[in-house]
Amino acid sequence: MAEPDKRRVWVAEESDLPAESGLAVTAGGRTIALFKVEGRCYAIDNACPHRGGPLAEGDLEGHVVHCPWHGWTWDVRTGTNPRQPASKVACFPVTVEDGSVFIDMESDPVTG
Ligand code: FES
């Protein structure tokens, strides 16, 4: 019998994701912000690189989340700041299977 994939962590049910903001979940000892845009799910670190604002509580505009504290913006697909592409927040691969959302925690996240 095959070993279960320990990198892949269940984090939520797809139906729990709100339409215009994110959902904060815990995986691998980190708090992750999950988003669903145009039917696809994305995962970035919940802590804004500026001063740690909770990105899951930010408003979504297309694929861009606005940090609720000072308004810095982050593309949930890549973790990049559209205004300063060299600035990034960690971004994790997401898979959805039968309505369950999983994050791959052992892939090297894109970090700033
Ligand atoms: S903490 Fe996010 S913009 Fe300042």
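Counting starts at 1 for both ligands and their atoms, following the listed order.
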Problem set entry | Verdict with reasoning, V37 to V76, per side-chain contact (heavy atoms from CB on, under 4.5 Å) | CA-CA 9 Å; V37 182; V76 300; 4.3 Å; yes
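- Listed by first then second residue, pairs satisfying salt bridge (Lys or Arg N to Asp or Glu O under 4.0 Å) with a partner in residues 60-69 number zero, not counting sequence neighbours.
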Hey, can you pull the donor-acceptor pairs under 3.5 Å for the side chains in residues 44-56, sequence neighbours left out?
| unit_1 | atom_1 | unit_2 | atom_2 | d |
| --- | --- | --- | --- | --- |
| D45 | OD1 | A47 | N | 3.0 |
| D45 | OD2 | R30 | NE | 3.2 |
| D45 | OD2 | R30 | NH2 | 2.7 |
| N46 | OD1 | L55 | N | 3.3 |
| N46 | OD1 | A56 | N | 2.8 |
| H50 | ND1 | H70 | ND1 | 3.2 |

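- Proximity of R8 to I103: side-chain heavy atoms (C-beta onward) are nowhere separated by under 4.5 Å.
- By the side chain to side chain contact (heavy atoms under 4.5 Å, CB included) test, R77 is found to be paired with Y42, H63, D75, residues two or more places apart in sequence or in another chain being considered.
- Looking only at protein N/O/S atoms, the ones less than 2.8 Å from atom 2 (Fe) of ligand 1 make 2 in total.
- In this structure, the separation between CD on E14 and SG on C41 is 4.5 Å, given to the nearest 0.5 Å.
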